[in-house]
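Accompanying notes for the structure given below.
Quick note: numbers below take in every heavy atom, side chains included, and nothing from hydrogens, waters or symmetry partners. Counting convention: from 1, in listed order, for ligands and their atoms alike.
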Amino acid sequence: MSVAISSTGLYTPPYSISNEELVAAFNAFAARENAANAEAIASGKAAAIEPSSVAFIEKASGIKARFVVEKDGILDPARMVPSIPERPNEEPSILAEIAVAAAREALKSADRQGTEIDAVICACSNLQRAYPAIAIEVQKALGAKGFAFDMNVACSSATFGMTVASDMIRAGTARAVLVVNPEICSGHLNFRDRDSHFIFGDVGTAVLLEPAEAARGTGAFRILGTRLATQFSNNIRNNFGFLNRAAPEGIGKPDKLFVQEGRKVFKEVVPLVAELILAHLKELGLEPAALKRLWLHQANANMNELIARRVLGRDPSPEEAPIILDTYANTSSAGSVIAFHKHREGLRKGDLALLCSFGAGYSAGSVILEKL
Ligand code: CO8
């Protein structure tokens, strides 16, 4: 039996922050800190915080703006953290809310009801709480049957989630599986860190998987194969966790947020991903030239160009390897799903394409698709 992606859904938060706005807030924060530490800086005991730059951000990453669930707190130089009030347990949690919004769009475009779903996987890089699982809250909100669970493989959560869903459908564990990817990256981004303050945005995506013969969506794709890879690295790390309270001296330190060695990540992940894709194509007996579209993880525009070039053996056209990070920034696991959601027109029945993620872990996932 073959499995298909029958539809997708996207929730885009209401606020966008341009590079100009973000850099103005960062530079106001830096000026405040430098003024407060003027003596230490003058005596060489502390280093001044260097200003951020719009031109640098755009050139180094391709990012021009990002969507966020809350904007004022991020842009307040005295705060630099989104302001997201806690909600009573009786109300939907924000992560479930944005997952449900994306899921409803996916259900609608596949002409399915929530009751026809028998498994929900919430696959994302930052879960709001330890338990109960966000996925179970989403399952209840949609009136879905069966079971639900959360999983986290950072930026590769969506492709790993799709692999699990596809395998479960083929094994008969479930029939229609929703994989949701709610990513509130602004909650784990250090907006006071010049090296990374521009990288992430918030979003929610959903992918509905079913047996290919049952797929009703107009933009459905058969999954020809999935291939996953992981390789341990400390170059992208976040030490936030339940044991922090057992070592209170570390609470609030920068390592409890997203931290990376961006250059090393770039250099090490590009070959890892290109090799994964090429090995996957070979395993399926397919030529790289047969790929009509590459929906790649959206972390860095230059990185995507390099990966696409290594796979295709030539420069990709903008249509072949669509970029959405200019307006969404890096949305962790949701990035390649947004690219797929927004840029899958123009393909004909039988055309081959690739959806691919890569990120912390390191982790990478390749999903080879055929247009139905
Ligand atoms: N403004 C001006 N100058 C700057 C800034 C800035 N904001 N930041 C750095 N610079 C300066 C540096 O100081 C440096 O100066 P000098 O040359 O004098 O030392 C110079 O610019 C160059 O700095 P870098 O070498 O750091 O810059 P790069 O060209 O490497 O670009 C990038 C930095 C854009 C971060 C790039 O390295 C990159 O995109 N790398 C890949 C990153 C990647 O793919 N990461 C994946 C992580 S995502 C993931 O796995 C999900 C995790 C879970 C999500 C968590 C949500 C928060």
Side-chain angles (χ1 to χ4, degrees), residues 19-20 22-27 29-30 47-64 66-69 74 80-82 95 123-128 152-160 181-203 230-240 254-273 296-307 323 325-326 328-336 356-365:
N19 283 346
E20 287 75 11
L22 195 74
V23 165
F26 180 90
N27 290 348
F29 153 77
I49 301 174
E50 297 288 324
S52 186
S53 135
V54 171
F56 168 82
I57 295 171
E58 203 172 319
K59 186 163 179 288
S61 70
I63 297 166
K64 296 178 185 164
R66 69 284 296 144
F67 289 97
V68 289
V69 294
I74 294 170
M80 312 285 279
V81 178
L95 221 60
C124 64
S125 40
N126 291 292
L127 287 153
Q128 184 172 355
N152 175 359
V153 200
C155 284
S156 284
S157 298
T159 53
F160 278 57
N181 324 105
E183 293 286 9
I184 304 190
C185 298
S186 61
H188 271 274
L189 179 54
N190 186 352
F191 288 99
R192 298 170 183 222
D193 174 39
R194 177 176 173 257
D195 287 350
S196 63
H197 75 117
F198 55 89
I199 292 181
F200 291 99
D202 303 337
V203 82
T230 51
Q231 181 184 302
F232 187 72
S233 169
N234 278 322
N235 289 334
I236 313 169
R237 195 162 169 129
N238 182 339
N239 288 329
F240 181 79
D255 73 312
K256 306 302 181 299
L257 296 167
F258 167 88
V259 185
Q260 77 167 352
E261 295 276 350
R263 230 345 107 101
K264 287 188 187 158
V265 174
F266 196 112
K267 279 197 185 140
E268 292 171 9
V269 168
V270 168
L272 189 148
V273 173
L296 298 177
H297 174 54
Q298 305 281 316
N300 184 299
N302 306 321
M303 207 170 174
N304 283 16
E305 212 175 297
L306 262 179
I307 291 171
I323 291 291
L325 59 74
D326 51 344
Y328 281 84
N330 181 341
T331 49
S332 194
S333 71
S336 54
C356 177
S357 69
F358 38 90
Y362 297 131
S363 59

Short N/O distance, under 3.5 Å, between His297 and ligand 1?
no
Looking at atom 39 (O) of ligand 1, what's its closest protein heavy atom, distance included?
Asn300 ND2, 2.7 Å
Which atoms from ligand 1 have a heavy atom of Gly359 less than 4.0 Å away?
50 (O)
What pair of heavy atoms forms the shortest contact from Ser53 to Val23, and how long is it?
C-CG2, 4.0 Å
In ligand 1, the atoms that come under 4.0 Å of a heavy atom of His188 are 57 (C)
Which residue and non-hydrogen atom of the protein lie closest to atom 51 (C) of ligand 1, and at what distance in Å?
Cys155 SG, 2.5 Å
Could you go step by step and tell me if His297 and Phe358 meet the ring pair (Phe, Tyr, Trp, His ring centres under 6.0 Å) rule?
CA-CA 6 Å; His297 174 54; Phe358 38 90; 5.0 Å; yes
For Gln260, counting its heavy atoms only, list the atoms of ligand 1 lying under 4.0 Å from any of them.
35 (C), 42 (C), 43 (C), 45 (N), 46 (C), 47 (C)
Qualifying residue, where the test is side-chain contact (heavy atoms from CB on, under 4.5 Å) with Cys185 and the options are Cys124, Ser333, Ser332
Ser332
Yes or no, since that's all I need: does a protein heavy atom fall within a distance strictly under 4.0 Å of atom 15 (O) of ligand 1?
no
Of all the atoms in ligand 1, which lie at a distance below 4.0 Å from a heavy atom belonging to Gly262?
37 (O), 40 (N), 41 (C)
Just to confirm my output: which protein heavy-atom neighbour is closest to atom 31 (O) of ligand 1, and how far is it?
Ala60 CB, 3.6 Å
Give a yes-or-no answer on whether the side chains of Asp202 and Ser186 include a donor-acceptor pair shorter than 3.5 Å.
yes
Could you check whether Arg66 and Asn19, counting side-chain N and O atoms only, form a donor-acceptor pair closer than 3.5 Å?
yes
Quick check on atom 37 (O) of ligand 1 - does any protein heavy atom sit closer than 4.0 Å to it?
yes
Decide side-chain contact (heavy atoms from CB on, under 4.5 Å) for Asp255 and Arg237; before the verdict, give the C-alpha distance in whole Å, the side-chain angles of both, and the deciding distance to 0.1 Å.
CA-CA 8 Å; Asp255 73 312; Arg237 195 162 169 129; over 6 Å; no
Check ligand 1 against Met303 and write out every atom of the ligand that is under 4.0 Å from a heavy-atom position of the residue.
41 (C), 44 (O)
Exam field: side chain Gln128 to backbone Leu95, donor-acceptor pair closer than 3.5 Å:
yes
Verify the ring-centre separation between His197 and Phe191: is it less than 6.0 angstrom?
no
Is Tyr328 close to Gln298 at the side-chain level, that is, under 4.5 Å between some pair of heavy atoms?
no
Proximity winner for atom 4 (C) of ligand 1, if only heavy atoms of Lys264, Arg194, Lys59 are counted
Arg194
Which residue holds the protein heavy atom closest to atom 44 (O) of ligand 1, what is that atom called, and what is the gap in Å?
Ala299 CB, 3.3 Å
Any idea which atoms of ligand 1 are less than 4.0 Å away from a heavy-atom of Asp195?
8 (N), 9 (C)
Protein non-hydrogen atoms only, distance under 4.0 Å: does atom 10 (N) of ligand 1 have such a neighbour?
yes
Heavy-atom pairs closer than 4.0 Å: do any link ligand 1 to the side chain of Ser125, the backbone, both, or neither?
side chain
Proximity to ligand 1 by part of Asn330, non-hydrogen separation under 4.0 Å:
side chain
Residue of the set Leu296, Leu272, Asn302 for which side-chain contact (heavy atoms from CB on, under 4.5 Å) holds with Ile307
Leu296
Say whether, by atom type as modelled, one donor and one acceptor occur between the side chain of Arg194 and the main chain of Pro51 under 3.5 angstrom.
yes
If the cut-off is 4.0 Å to any non-hydrogen atom of Ile236, which atoms of ligand 1 fall inside it?
46 (C), 47 (C), 50 (O)
Protein heavy atom at shortest distance from atom 27 (O) of ligand 1:
Phe56 CZ, 3.6 Å
Any donor-acceptor pair under 3.5 Å from Ser156 side chain to Val153 backbone:
no
Of the protein's non-hydrogen atoms, which lies at the shortest distance from atom 57 (C) of ligand 1, and what is that distance?
Cys185 O, 3.3 Å
Can you tell me which portion of Glu50 lies within the under-4.0 Å heavy-atom range of ligand 1? Options are side chain, backbone, both, or neither.
neither
Give a yes or no answer on whether the side chain of Thr331 reaches the backbone of Gly335 with a donor-acceptor pair at less than 3.5 Å.
yes
Ranked by distance from atom 50 (O) of ligand 1, the top protein heavy atom is Ala360 N, 2.6 Å
What's the shortest heavy-atom distance between Ala329 and Phe198, and which atoms?
CB-O, 4.4 Å
Any donor-acceptor N or O pair under 3.5 Å, side chains Asn235, Glu268:
yes
Residue, atom name and distance, where the atom is the protein heavy atom closest to atom 55 (C) of ligand 1
Asn126 ND2, 3.5 Å
Proximal atoms of ligand 1 relative to Ser332 (non-hydrogen, under 4.0 Å):
51 (C), 53 (C), 54 (C)
Hey, does Ser53 come in under 3.5 Å of ligand 1, counting only N/O atoms on both sides?
yes
